[in-house]
Protein chains: 4
Amino acid sequence: MLWQVQPSGEVPIYRQLMRQVEEAIASGRLATGDRLPSHRELAEQLVVAPLTVKKAYDELERAGLITTQQGRGTFVSARAAAASRPERIERLREPVRRLVGQALLAGLATDDLHRLIDAAARDWARERKQSARRR
Amino acid sequence: MLWQVQPSGEVPIYRQLMRQVEEAIASGRLATGDRLPSHRELAEQLVVAPLTVKKAYDELERAGLITTQQGRGTFVSARAAAASRPERIERLREPVRRLVGQALLAGLATDDLHRLIDAAARDWARERKQSARRR
Amino acid sequence: MLWQVQPSGEVPIYRQLMRQVEEAIASGRLATGDRLPSHRELAEQLVVAPLTVKKAYDELERAGLITTQQGRGTFVSARAAAASRPERIERLREPVRRLVGQALLAGLATDDLHRLIDAAARDWARERKQSARRR
Amino acid sequence: MLWQVQPSGEVPIYRQLMRQVEEAIASGRLATGDRLPSHRELAEQLVVAPLTVKKAYDELERAGLITTQQGRGTFVSARAAAASRPERIERLREPVRRLVGQALLAGLATDDLHRLIDAAARDWARERKQSARRR
DNA sequence: GTGGTCTAGACCACC
DNA sequence: GTGGTCTAGACCACG
């Protein structure tokens with residue numbers, strides 16, 4: 001699987017990594033029991049400090065998404081992929097609430113949001129197709 | 001107008017303040033020429049350091065939303081409310097992009113988002129009505 | 001309050017620190033809202049790396065015992081001291097289970113444990129009195 | 001005799017093994033002269049690396065609990081079961097001290113501990129009976 | 001090889 | 001001053 005981080009951004013590197021792992025699990029690219037690259041190996045590949053990757057792994061472990069085994073490696077935990085559809089929907093509720101608040105306070109209507117969402121979804125599908133082609 | 005900040009949150013206090021001013025202008029609660037409380041006054045009211053409020057005002061002035069007049073006070077600038085509808089929509093594009101990405105990667109469909117948005121909008125309207133009644 | 005760590009031990013320094021904070025909260029020496037020393041200050045005092053103290057604080061925050069505020073400091077969180085008596089008892093259940101298993105497998109009886117406990121409690125009370133006198 | 005380890009736990013596998021041997025000897029399930037399975041055999045059975053079992057055996061031999069006889073196998077040593085009652089009690093002193101400290105610092109009394117111990121002992125006896133029935 | 005811990009610096013944003 | 005992040009090394013225990 002392909003990993004990448006942008007060190008210059010304002011999002012901390014370790015959070016960028018966490019997000020990629022979360023999304024990989026949510027989307028099924030990483031399944032229960034799959035092994036993640038060792039934090040040193042991934043650090044070398046991404047040209048960041050090992051501790052940085054380690055911190056991302058540590059937080060993911062505390063969140064229950066992955067588990068580590070001394071001397072063996074780091075694996076996607078059983079609990080991780082178990083998120084059911086209602087659960088995944090629930091996780092969107094708060095971000096949606098914030099977005100709706102922002103839009104309505106700006107004097108826009110939900111219809112504007114619906115249009116933006118469909119547009120974003122089209123873009124997203126197109127980008128996916130392209131990045132798949134590159135592989 | 002009512003101001004409030006949460007010191008314990010992730011978001012810096014000065015950004016919370018900026019956001020409230022921006023939303024107040026976008027929604028019309030603050031109109032061109034309206035006077036903002038002095039940064040000392042507001043700081044006292046919110047129990048935060050004056051420098052913190054000052055920083056929020058400074059950044060808002062740099063963004064052109066407000067203007068300071070020596071010895072008279074701080075006012076909503078003429079340009080501020082001029083944020084056109086296309087502009088306000090543009091500001092939503094990136095947050096929407098992120099939300100859609102999150103949803104699709106989790107295996108959900110845009111329809112799920114549409115439903116969540118309508119639900120959130122209903123909640124938002126109801127809360128507004130209640131908080132208006134309390135005043 | 002007095003802090004101390006033993007760098008040569010087999011227990012990681014950051015865990016020794018975590019334990020001290022936990023105990024200080026459990027015993028009421030640290031109450032809700034109390035401020036902890038900054039991680040740099042404490043690191044200097046203990047002659048350890050700031051990151052080491054930081055790691056202890058980070059884990060305690062993730063556990064909900066303390067909260068940090070950008071630029072202000074680190075404080076005992078409201079949830080922390082709220083542990084009710086049943087809760088505190090519950091936390092002893094697993095350690096007790098292990099201890100009992102160890103004793104019974106070794107062919108000892110619960111009476112032996114009861115005696116050991118009373119002896120340890122007497123020692124504990126005496127040590128406390130002495131350390132209080134030293135203060 | 002039944003052996004089992006949990007690879008995902010905090011405790012190193014070789015220590016889990018050591019502990020099981022120690023407990024088996026202390027409780028009499030393993031007596032002086034009894035033969036332990038070869039480290040390869042046990043490794044295969046537990047699906048762990050042979051080196052891991054070897055390490056556990058090595059440390060147990062260094063502690064004098066077992067002895068290896070070239071080409072014949074590994075046996076519970078004569079000295080092993082000799083742990084006298086005072087000795088076995090002594091080994092509990094430190095764990096008890098920690099437990100008591102934790103309880104008293106949390107504002108609980110020794111009576112609470114006594115109750116918890118009796119409860120845990122009852123559970124332990126019941127579980128033993130059940131697992132014996134299963135065999 | 002793996003993960004677990006620690007150091008001694010550094011730069012940044014925030015208050 | 002505070003906390004937040006990152007680096008480039010190091011040593012140890014585990015498998």
Side-chain angles (χ1 to χ4, degrees), chain A residues 5 7-17 35-44 46-58 61 66-75, chain B residues 5 7 9-17 43 46-56 59, chain C residues 5 7-17 35-44 46-58 61 66-75, chain D residues 5 7 9-17 43 46-56 59:
Chain A
V5 291
S8 51
E10 72 172 19
V11 182
I13 294 176
Y14 82 97
R15 283 206 182 279
Q16 296 181 39
L17 275 174
R35 188 172 175 280
L36 292 167
S38 90
H39 71 269
R40 288 173 218 271
E41 181 187 333
L42 185 50
E44 193 179 357
L46 294 172
V47 197
V48 300
L51 250 189
T52 304
V53 181
K54 180 77 162 42
K55 183 166 186 182
Y57 280 17
D58 279 352
E61 176 161 27
I66 65 182
T67 61
T68 67
Q69 297 180 22
Q70 265 281 18
R72 308 228 301 112
T74 305
F75 305 82
Chain B
V5 290
E10 286 241 304
V11 186
I13 293 175
Y14 84 98
R15 283 207 181 277
Q16 296 182 39
L17 275 174
L46 295 173
V47 196
V48 300
L51 251 182
T52 305
V53 182
K54 183 72 161 45
K55 182 165 187 178
E59 296 231 6
Chain C
V5 291
S8 51
E10 73 172 18
V11 182
I13 294 175
Y14 82 98
R15 285 209 180 276
Q16 296 182 39
L17 276 173
R35 189 174 174 282
L36 293 166
S38 89
H39 70 269
R40 288 172 218 272
E41 182 187 333
L42 185 49
E44 194 178 358
L46 295 172
V47 197
V48 300
L51 250 189
T52 303
V53 182
K54 178 78 162 41
K55 183 166 185 182
Y57 281 16
D58 279 352
E61 176 160 27
I66 64 181
T67 60
T68 67
Q69 297 180 22
Q70 264 282 14
R72 309 227 300 112
T74 304
F75 305 83
Chain D
V5 290
E10 288 239 306
V11 185
I13 292 175
Y14 85 98
R15 282 206 181 278
Q16 297 182 38
L17 276 175
L46 295 172
V47 196
V48 301
L51 251 182
T52 304
V53 181
K54 183 70 163 44
K55 183 165 187 180
E59 298 233 4

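Numbers restart at 1 for each chain; the letters A, B, ... are given by sequence-line order, proteins then strands. Keep in mind that what you see is a predicted model, and the values were worked out from it rather than measured.
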Heavy atoms only, 4.0 Å cut-off, all strands: where does [X] land among base, sugar-phosphate and nothing?
| X | answer |
| --- | --- |
| C:E41 | sugar-phosphate |
| B:Y14 | sugar-phosphate |
| A:K55 | sugar-phosphate |

Give the rounded distance in Å between these two atoms: [atom1] of [X] and [atom2] of [N].
| X | N | atom1 | atom2 | value |
| --- | --- | --- | --- | --- |
| D:L51 | F:dA13 | CG | P | 16 Å |
| D:K54 | F:dA13 | NZ | C1' | 18 Å |
| A:Q16 | F:dT5 | CD | C1' | 12 Å |
| C:H39 | E:dG9 | NE2 | C1' | 13 Å |
| A:E44 | E:dG3 | CD | P | 13 Å |
| C:E61 | F:dG4 | CD | P | 7 Å |
| C:I13 | F:dC11 | CD1 | P | 16 Å |
| A:Q70 | F:dA13 | CD | C1' | 6 Å |

Decide yes or no for [X] and [Y]: does some side-chain heavy atom of the first lie under 4.5 Å from some side-chain heavy atom of the second?
| X | Y | answer |
| --- | --- | --- |
| A:L17 | A:L42 | yes |
| C:Y57 | C:T68 | no |
| C:L46 | C:I13 | no |

Of A:R72 and A:V11, whose nearest nucleotide on DNA chain F comes first from the 5' end? A:V11

Let me know, please, whether A:P7 or C:R35 comes out on the 5' side of the other along DNA chain F by nearest nucleotide. C:R35

With a 3.5 Å distance limit and no angle check, can you tell me whether D:Q16 reaches the backbone of D:V11 through a side-chain donor-acceptor pair? yes

Report the base-pairing partner of F:dC14 (Watson-Crick or G-U wobble, both distances below 3.5 angstrom), or none. E:dG1

Map C:V47 and A:D58 onto DNA chain E by nearest heavy atom, then report which one ends up closer to the 5' terminus. A:D58

Whether over 12 other heavy atoms sit under 6.0 Å from A:E61 CD: yes

Are [X] and [N] close enough that a side-chain N or O sits under 4.0 Å from OP1 or OP2?
| X | N | value |
| --- | --- | --- |
| A:T52 | F:dT5 | no |
| C:T68 | F:dT2 | no |
| C:S38 | F:dG3 | yes |

So does C:R40 reach the base of F:dG4 with its side chain, donor to acceptor, closer than 3.5 Å? yes

